[in-house]
Amino acid sequence: QQPRTAVMASDAKTVYSQQEHLQMKYVGTGHADTTKWEWAVNQHRDSYAAYIGHHSLLAYSAIAENESIGRLKYQYLQKMLSPCGKPPKREDE
């Protein structure tokens, strides 16, 4: 039987490799070099896509904001273009 620390190390390596696989497969999960701004943009775009894709959420928002569903859809699509403003300047540039 393996020592407890060896089992924990192999479990950690398995989790790490699974995480790497998910990060390569799905853009929104980020990676080690993802900045806060990139992460926030992904979160905002995912949220707007969910609002647009689920009619009940869109209808609820339309009633709450007293806007038509079509107008809200258009506004959300416009916000998806640049949800967090311009990217910040990088230090290496």
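The figures here come from the full heavy-atom set of this structure, side chains too, leaving out hydrogens, waters and symmetry mates. Every value quoted in this text rests on a predicted model; they were computed, and no experiment measured them.
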Enquirer: For Tyr76 versus Ile52, what's the shortest heavy-atom pair and its separation?
Expert: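 Heavy-atom minimum between the residues: CB-CD1, 3.7 Å.
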
Enquirer: With a 6.0 Å cut-off (strictly less than), is the heavy-atom count around OH of Tyr48, excluding the residue itself, greater than 12?
Expert: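 Yes, enclosed.
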
Enquirer: With sequence neighbours left out, which residue pairs that include part of residues 34-45 fulfil the salt bridge (charged side-chain N to carboxylate O under 4.0 Å, His left out) condition?
Expert: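 Residue pairs passing salt bridge (charged side-chain N to carboxylate O under 4.0 Å, His left out), neighbours aside: Glu38-Arg90.
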
Enquirer: Quick one: name the residues clustered hydrophobically with Val41, using the 4.5 Å side-chain heavy-atom rule over I, L, V, M, F, W, Y, and just say none if it's on its own.
Expert: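 Cluster partners of Val41: Trp37.
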
Enquirer: Looking at residues at least two apart in the chain, or sitting in another chain, which of them share a side chain to side chain contact (heavy atoms under 4.5 Å, CB included) with Ala49?
Expert: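 For Ala49 the side chain to side chain contact (heavy atoms under 4.5 Å, CB included) partners, ignoring immediate neighbours, are Met80.
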
Enquirer: So if you build clusters from Ile, Leu, Val, Met, Phe, Trp, Tyr with side-chain heavy-atom gaps below 4.5 Å, do Leu77 and Leu58 land together?
Expert: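 The answer is yes; both residues are in one hydrophobic cluster.
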
Enquirer: Determine all donor-acceptor pairs shorter than 3.5 Å in which one atom belongs to a side chain in residues 61-75; sequence neighbours excluded.
Expert:
unit_1	atom_1	unit_2	atom_2	d
Ser61	OG	Leu57	O	3.1
Ser68	OG	Arg71	N	3.1

